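Written below as structure tokens is the structure these notes are about.
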Amino acid sequence: MSEGGDSGGTAPPAFTAPFGTGQRIRNRAIWAVALFTASVPPAAVALGIAEVTQDQLNVALPLAIGFWLIGLLFALWAAFPTLRYWEALPQTTRWLGALPMLSVSVFFSAALISALFV
């Protein structure tokens, strides 16, 4: 209990995140989502090329995988400080920092479930 009495609300965190942490988390999360989104068109092209021709030269698939892996690095880069300073960050920054890793886990869960049924 605080010395000022019980106000009925939650107390602010006892610590704060370093200056600029919220902005860095937002930038990294936005880049992660942008890179994940940029990996979708090359993946669609790669799937189309794989079904139409037997040509072994498929540049689109490595491009899609590269965008996705770089997006994963940015997502991790945003998730670590988000989790470290969770209580000190505003709620919108918390969820923006966690969004890319949540989307990665949903992607893997969908891939595992589809692999079980195929």
Side-chain angles (χ1 to χ4, degrees):
M1 233 169 148
S2 65
E3 291 178 302
D6 189 14
S7 62
T10 59
F15 64 94
T16 60
F19 181 74
T21 301
Q23 181 65 38
R24 285 191 296 274
I25 290 171
R26 284 190 298 274
N27 287 342
R28 294 169 187 169
I30 289 168
W31 271 104
V33 171
L35 287 164
F36 287 148
T37 305
S39 71
V40 173
V45 169
L47 289 174
I49 290 173
E51 292 180 6
V52 172
T53 113
Q54 296 300 324
D55 187 16
Q56 296 299 316
L57 181 63
N58 188 354
V59 179
L61 186 61
L63 190 61
I65 292 171
F67 279 144
W68 194 86
L69 288 175
I70 295 170
L72 178 65
L73 290 175
F74 272 92
L76 287 170
W77 202 17
F80 284 131
T82 299
L83 294 175
R84 182 175 181 186
Y85 300 112
W86 185 267
E87 292 296 323
L89 294 171
Q91 187 172 4
T92 54
T93 305
R94 290 179 194 175
W95 291 110
L96 185 61
L99 170 73
M101 284 309 296
L102 289 172
S103 65
V104 169
S105 65
V106 168
F107 171 77
F108 279 131
S109 298
L112 286 173
I113 290 171
S114 66
L116 289 174
F117 290 117
V118 173

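Bear in mind that the values here come from a model prediction, so they are computed numbers and not experimental data.
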Identify whether [X] and [Y] are in the same connected component of the hydrophobic contact network (ILVMFWY, side-chain heavy atoms under 4.5 Å).
X	Y	answer
Val104	Leu76	yes
Phe80	Leu102	no
Phe107	Leu72	yes

To the nearest 0.5 Å, how far apart are [atom1] in [X] and [atom2] in [Y]?
X	Y	atom1	atom2	result
Arg26	Thr92	CZ	OG1	7.0 Å
Ile113	Phe108	CD1	CZ	13.5 Å
Trp68	Leu63	CH2	CG	15.0 Å

Where [X] and [Y] come nearest, the two heavy atoms and their spacing:
X	Y	value
Ala64	Ala43	CB-N, 3.5 Å
Thr21	Pro81	CG2-CB, 4.4 Å
Phe36	Pro100	CE1-O, 3.9 Å
Ala88	Ala17	CB-N, 3.6 Å

Practice task
Please check if the side chain of Thr82 supplies one atom and the backbone of Ala78 the other of a donor-acceptor pair under 3.5 Å.
Solution key: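 Present.
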Exercise for the section: For Thr37 and Val33, indicate whether the former's side chain and the latter's backbone hold a donor-acceptor pair under 3.5 Å. Expected result: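 Yes, because the side chain of Thr37 sits within donor-acceptor range (under 3.5 Å) of the backbone of Val33.
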Problem - Trp31-Phe67 aromatic ring centre distance below 6.0 Å - result: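 Judged by ring-centre distance (under 6.0 Å), Trp31 and Phe67 do not meet the cut-off.
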Less than 4.5 Å apart, side chain to side chain, heavy atoms only: is that true for [X] and [Y]?
X	Y	value
Thr16	Tyr85	no
Leu96	Ile25	no
Leu69	Ile65	yes

Practice task
Using side-chain contact (heavy atoms from CB on, under 4.5 Å) as the criterion, list what pairs up with Ile70, not counting sequence neighbours.
Solution key: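 Applying side-chain contact (heavy atoms from CB on, under 4.5 Å) to Ile70 gives Leu35, Phe74.
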Practice task
Return yes when atom CD of Gln91 has more than 12 non-hydrogen atoms of other residues, nucleotides or ligands closer than 6.0 Å, and no otherwise.
Solution key: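 Counting other residues, nucleotides and ligands, CD of Gln91 stays at 12 neighbours or fewer.
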Problem - Pairs flagged by side chain to side chain donor-acceptor pair (under 3.5 Å) wherever residues 94-118 is involved - sequence neighbours left out - result: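 Qualifying pairs: none.
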